[in-house]
Amino acid sequence: MTKILVAGFKGRMGATATQMVLKNADFELVGVYDPIATEKDLAELPEFAGQHAPVFTELNATLVAEPEIWIDFTIPKAAVANTQFALEHKISPVVGTTGFTAADIKALQTLAEQQKTGGLIAPNFSLSAVLMMQFSKQAAKYFPDVEIIEMHHDNKLDAPSGTAVKTAEMLAEVRGDKPQGNPDEKESIPGARGANYAGMRIHSVRLPGLIAHQQVQFGGIGEGLTIRQDTYDRESFMTGVALACRKVRQASQLYDGLEYLL
Ligand SMILES: NC(=O)c1ccc[n+]([C@@H]2O[C@H](COP(=O)([O-])OP(=O)(O)OC[C@H]3O[C@@H](n4cnc5c(N)ncnc54)[C@H](O)[C@@H]3O)[C@@H](O)[C@H]2O)c1
Ligand SMILES: O=C(O)C1=N[C@H](C(=O)O)CCC1
C-alpha cells in the first residue's frame, strides 16, 4: 500500500483528494494537513465519519506519519515551501496547487534530482485539459494569432490560471514571441486587452457557478478555430491524481505536467 498524506484537506480539492485516497484499496491515508484544522482525527468530520487518520496543523509534525506521497492542493503562497519540504524528506510530491513560477519549478526540479525523488507538479489533472493544451500547441503552428480565455469560480486566488500560463508557454514554444492586434491600439480602460504573454492575450473570467474552463481561440485570414475544455465536477481531476500517485515513486525527477505520466 502506498502511504499518502493530503495537504490542504479542508479545501475543495484537498477534501476531494482525501476521499479519492480512501476509496482506493492500494492507497493508505496516513495523515491530512491543513493549518486551519481544529480536529485531531479526520473521522471527527461528518463527511469522513468512520475514516480515521491523524490531522496535522504544523508542517514538521507531518513527518511522524511517514508518507511516501505528498498530495498538495493548498494555496500558491504555501505550496512551494510544502513541495520543498516533501522533497527534502524524500517524499514524492503530487502537486495540483497553481501559482508556481518557472523559476520555482526549476529550483524544485534541481532539488528532486539531488534527492533522487520523483514527483509531479500539474496545473491541471483533467485529461480534457491536457488534450486541449496539446491540440492548441499543434494548431499554433498554423495559427500563430491566438487569445486564451480562462474561466474559473470566483474563489480562485491566482490569475491567470496555472493552466492558462502553461498553455501560453506551450504555444510560445511553437509561435515564438509575436505581437498581436493593431500596433497603435490604446486601452481606454486599463486591462481591456488582458495579460500579455509573448504577444498573446490571456483573459481571466471569475464567476460563481463556474468550476474550470478554458477556450483557446485562434484567428486566421477568413477563418477561426476554437479549442475549448470544460470541467463540470472536481471528481474529474482525481483520475490524474491517482495515476500520478501510482507512478511518481518509480520516477527520479519532478515532472511539470500530467502529460509526462500518461
Ligand atoms: N491541478 C489541478 O488539476 C487543480 C484543480 C483544481 C484546483 N487546483 C488548484 O489547487 C489549489 C487549491 O484549490 P481549492 O479550490 O481546493 O482551494 P481551497 O481554498 O478550497 O483550499 C485550499 C486549502 O489549503 C489550505 N492551506 C492554506 N495554507 C496551507 C498550508 N501552508 N499547508 C497546507 N494547507 C494550507 C487552506 O486552509 C485551504 O483549506 C489552487 O491553487 C487551485 O488553483 C488545481
Ligand atoms: O479551481 C481552480 O483553482 C483550478 N485551477 C487550475 C488552474 O489554475 O489552472 C485548473 C483547475 C481548477
Side-chain angles (χ1 to χ4, degrees), residues 5-20 31-39 42 45 55-62 67 70-86 93-101 104-105 119-133 148-170 195 202 204-216 229-245 255-259 261:
L5 181 135
V6 178
F9 82 101
K10 297 283 278 190
R12 287 171 288 269
M13 285 298 291
T16 313
T18 302
Q19 294 286 11
M20 179 281 290
V32 288
Y33 167 48
D34 200 312
I36 64 164
T38 51
E39 304 76 18
L42 183 67
L45 290 162
V55 173
F56 301 101
T57 53
E58 202 271 314
L59 191 58
N60 282 303
T62 60
W70 179 284
I71 295 181
D72 197 292
F73 284 104
T74 61
I75 53 170
K77 224 166 52 183
V80 177
N82 286 355
T83 309
Q84 185 178 335
F85 174 84
V94 171
V95 181
T97 314
T98 49
F100 284 70
T101 64
D104 291 334
I105 294 175
L120 173 69
I121 299 177
N124 205 311
F125 278 100
S126 85
L127 189 56
S128 58
V130 171
L131 292 173
M132 172 268 296
M133 288 187 265
I148 299 169
I149 302 122
E150 57 97 337
M151 295 151 273
H152 282 82
H153 59 91
D154 59 348
N155 286 308
K156 188 162 176 61
L157 291 175
D158 53 319
S161 72
T163 309
V165 174
K166 187 169 169 74
T167 308
E169 287 168 355
M170 288 170 70
I202 307 178
S204 296
V205 178
R206 297 289 177 265
L207 284 173
L210 296 175
I211 293 190
H213 316 258
Q214 183 167 296
Q215 189 163 306
V216 185
Q229 180 270 339
D230 293 282
T231 301
Y232 303 116
D233 191 324
R234 288 185 175 83
E235 195 63 37
S236 65
F237 299 118
M238 292 305 131
T239 314
V241 178
L243 178 139
C245 290
Y255 292 106
D256 175 20
L258 182 64
E259 61 276 20
L261 295 184

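In listed order, ligands and their atoms are each counted from 1.
- For L120 against A244, the heavy-atom pair with the smallest separation is CD2-CB, 3.6 Å.
- With values rounded to the nearest 0.5 angstrom, T167 atom OG1 is found 8.0 Å from I202 atom CD1.
- The protein heavy atom nearest to atom 5 (N) of ligand 2 is K156 NZ, 3.0 Å.
- Residue contacts with ligand 1 leave out H152, since none of its heavy atoms falls under 4.0 Å from the ligand.
- Residues D72 and F85 are not in side-chain contact: their nearest non-hydrogen atoms beyond the backbone lie 4.5 Å or more apart.
- Near T98, meaning under 4.0 Å from any of its heavy atoms, are these atoms of ligand 2: 6 (C), 7 (C), 8 (O), 9 (O).
- No side-chain heavy atom of L207 sits under 4.5 Å from any side-chain heavy atom of M151.
- Listed for the E150 side chain is a donor-acceptor partner under 3.5 Å among the backbone atoms of S161.
- Residue S161 approaches ligand 2 through these ligand atoms, each under 4.0 Å from one of its heavy atoms: 7 (C), 8 (O), 9 (O).
- Listed by atom number, the atoms of ligand 2 under 4.0 Å from N124 heavy atoms are 10 (C), 11 (C).
- Considering only heavy atoms from C-beta on, F237 comes within 4.5 Å of T231 through its side chain.
- Annotation: atom 8 (N) of ligand 1 to nearest protein heavy atom, G96 O, 3.7 Å.
- Between H213 and V205, the closest side-chain pair of non-hydrogen atoms is not below 4.5 Å.
- Between T16 and M20, every side-chain heavy-atom pair lies at or beyond the 4.5 Å cut-off.
- When only non-hydrogen protein atoms are considered, atom 31 (N) of ligand 1 lies nearest to A78 CB, 3.0 Å.
- Residue nearest to atom 32 (N) of ligand 1, selected from F85, F56, F9, Y33: Y33 (by heavy-atom distance).
- The heavy atom nearest to atom 6 (C) of ligand 2, considering only P123, G162, A212, is found in P123.
- With contacts defined as side-chain heavy-atom distances shorter than 4.5 Å, the pair P76/L157 qualifies.
- The backbone and the side chain of T74 each have at least one atom closer than 4.0 Å to an atom of ligand 1 (non-hydrogen atoms only).
- Counting only heavy atoms of the protein, atom 3 (O) of ligand 1 lies nearest to F125 N, 2.7 Å.
- Counting only distance, with no hydrogens or angles, the side chain of N124 and the backbone of T163 share no donor-acceptor pair below 3.5 Å.
- Between atom 17 (O) of ligand 1 and the options R12, K156, K10, M13, the minimum heavy-atom separation is to R12.
- With a heavy-atom cut-off of 4.0 Å, H152 touches ligand 2 through its side chain alone.
- Ion pairing between E259 and K166 holds under the 4.0 Å rule for side-chain N and carboxylate O.
- Distances from atom 35 (C) of ligand 1 to the heavy atoms of P35, G11, A7 show the closest one on P35.
- With a heavy-atom cut-off of 4.0 Å, P123 touches ligand 1 through its backbone alone.
- Compare D34, I75, L120 by their heavy atoms: the one nearest to atom 28 (N) of ligand 1 is in I75.
- Just one residue in the list V80, I71, N82, T74 forms a side-chain contact (heavy atoms from CB on, under 4.5 Å) with T97, and that residue is T74.
- Nearest non-hydrogen protein atom to atom 9 (O) of ligand 2 is T163 OG1, 2.5 Å.
- Proximity of F237 to ligand 2 is established by a heavy-atom distance of less than 4.0 Å.
- Between F237 and ligand 1, not a single N/O pair is under 3.5 Å apart.
- With a heavy-atom cut-off of 4.0 Å, L59 does not touch ligand 1 at all.
- Taking atom 10 (O) of ligand 1 as the reference point, the nearest protein heavy-atom neighbour is F73 CD2, 3.5 Å.
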Worked check of side-chain hydrogen bond (donor to acceptor under 3.5 Å, both in side chains) between T101 and D104: CA-CA 5 Å; T101 64; D104 291 334; 3.1 Å; yes

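- Ligand 1 has a nitrogen or oxygen under 3.5 angstrom from a nitrogen or oxygen of T98.
- Residue, atom and distance of the protein heavy atom nearest to atom 1 (O) of ligand 2 are H153 NE2, 2.8 Å.
- When heavy-atom distances to ligand 1 are checked against a 4.0 Å cut-off, A122 comes that close only through its backbone atoms N, CA, C and O.
- Taking 4.5 Å as the limit, some side-chain heavy atom of L261 sits within range of a side-chain heavy atom of Y255.
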